[in-house]
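If you read the sequence from its start, that first residue is 1, and numbering goes on from there. These numbers come from a predicted model, not from an experiment.
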Amino acid sequence: MKSAIMVLIMLPLVCLVLSVFLYLMNRSRYKELISDFQQQHTLPTPYLLHCNMGYIGSPLMTYFFMRLKKNKKILFLNRNDNAYRFTHEGQNLKKINNLKPLYYTFLLGFFCCFSLSIIALLIKAQII
């Protein structure tokens with residue numbers, strides 16, 4: 001049990017370091033993708049804030065582009081908006097696919113932290 005918890009503690013740190021490297025490697029494509037989107041469409045309000053925050057805003061922006069790629073509902077964006085066609089224009093799909101490792105690294109780190117918090121609550125409640 002202790003070794004599993006140690007892995008859960010170390011994994012978010014590894015995800016953080018890996019996500020910084022992935023962001024730095026893909027920063028130009030990331031900024032180009034945001035710029036291309038903003039030239040054709042208007043970013044919804046929360047994403048407009050996060051696109052200007054660099055690495056700190058990149059988890060939400062990668063989430064936005066992954067949802068856009070999958071044609072899923074995006075907060076503050078109508079389902080029939082032309083923005084949903086953005087991923088199928090030119091090289092945009094390739095640029096979005098380059099952000100996949102960054103997206104999944106953020107998700108893995110988040111779920112490890114979330115699992116740690118659940119384990120901590122179970123320990124506090126003396127269930128474990």
If you measure from OG1 on T105 to CG on L18, what distance do you get to the nearest 0.5 Å?
4.5 Å
Shared hydrophobic cluster, L108 / L13 (ILVMFWY, side-chain heavy atoms < 4.5 Å)
no
Is there side-chain contact between F65 and N92, with heavy atoms separated by less than 4.5 Å?
no
Should L60 and I56 be counted in the same cluster of Ile, Leu, Val, Met, Phe, Trp and Tyr side chains packed under 4.5 Å apart?
yes
Does F37 have its ring centroid less than 6.0 Å away from the ring centroid of F64?
yes
Can you list everything that forms a side chain to side chain donor-acceptor pair (under 3.5 Å) with Y104? Sequence neighbours excluded, please.
none
K69 and N97, any side-chain heavy atoms less than 4.5 Å apart
yes
If hydrophobic clusters are built from ILVMFWY residues whose side chains come within less than 4.5 Å, do L22 and L16 share one?
yes
Identify the two heavy atoms, one from L116 and one from L8, that lie closest to each other, and give their separation to 0.1 Å.
CD1-O, 3.3 Å
Straight-line distance of F21 CZ to N26 CG, nearest 0.5 Å:
13.5 Å
From I127 atom CD1 to I119 atom CD1, the distance as rounded to the nearest 0.5 Å:
12.5 Å
Residues S19, Y55; criterion side chain to side chain donor-acceptor pair (under 3.5 Å); working and verdict
CA-CA 9 Å; S19 68; Y55 172 75; 2.6 Å; yes
Apply the test side-chain contact (heavy atoms from CB on, under 4.5 Å) to residues N71 and H88: give CA-CA distance (whole Å), side-chain angles for both, the deciding distance (0.1 Å), then the verdict.
CA-CA 11 Å; N71 288 324; H88 306 293; 4.1 Å; yes
Please examine the side chains of M61 and M53, heavy atoms only from C-beta on, and report whether any two atoms are closer than 4.5 Å.
no
After noting the C-alpha distance and the side-chain angles of D36 and K95, does the key distance pass the side-chain contact (heavy atoms from CB on, under 4.5 Å) rule?
CA-CA 11 Å; D36 290 347; K95 291 175 192 172; 2.7 Å; yes
Non-hydrogen side-chain atoms of F106 and S58 separated by less than 4.5 Å:
yes
Heavy-atom closest pair (K72 atom, R79 atom, distance to 0.1 Å) is C-NH1, 3.2 Å
Examine distances only and state if a side-chain atom of S115 and a backbone atom of F111 form a donor-acceptor pair shorter than 3.5 Å.
yes
Closest heavy-atom contact between Q38 and L43?
NE2-CD1, 3.4 Å
Single-linkage hydrophobic cluster, 4.5 Å side-chain cutoff, V7 and V17 together:
no
Around M10, counting heavy atoms of other residues, nucleotides and ligands shown, do more than 12 lie under 6.0 Å from its CE?
no
Residues P44 and L75: closest non-hydrogen pair is CB-O, 3.8 Å
Backbone N/O of N98 and side chain of R29: donor-acceptor pair under 3.5 Å:
no
State, to 0.1 Å, how close I96 and M66 come at their nearest heavy-atom pair, and which atoms those are.
O-CE, 3.3 Å
Atom NZ of residue position K124 - does it have more than 12 heavy atoms of other residues, nucleotides or ligands inside 6.0 Å?
no
Measure the shortest side-chain to side-chain distance between F86 and L33 over non-hydrogen atoms and say whether it is less than 4.5 angstrom.
yes
Going only through I, L, V, M, F, W and Y residues with side-chain contacts under 4.5 Å, is there a path from I5 to L121?
no
Report yes if the side chains of D81 and I74 come closer than 4.5 Å at any heavy-atom pair, otherwise no.
no
Counting C-beta onward and ignoring hydrogens, is there a side-chain heavy-atom pair between Y84 and L77 closer than 4.5 Å?
yes
Answer yes or no: is there a side-chain heavy-atom contact under 4.5 Å between Q40 and E89?
yes
For residues H50 and Y30, report the shortest heavy-atom separation together with the two atoms involved.
O-OH, 4.5 Å
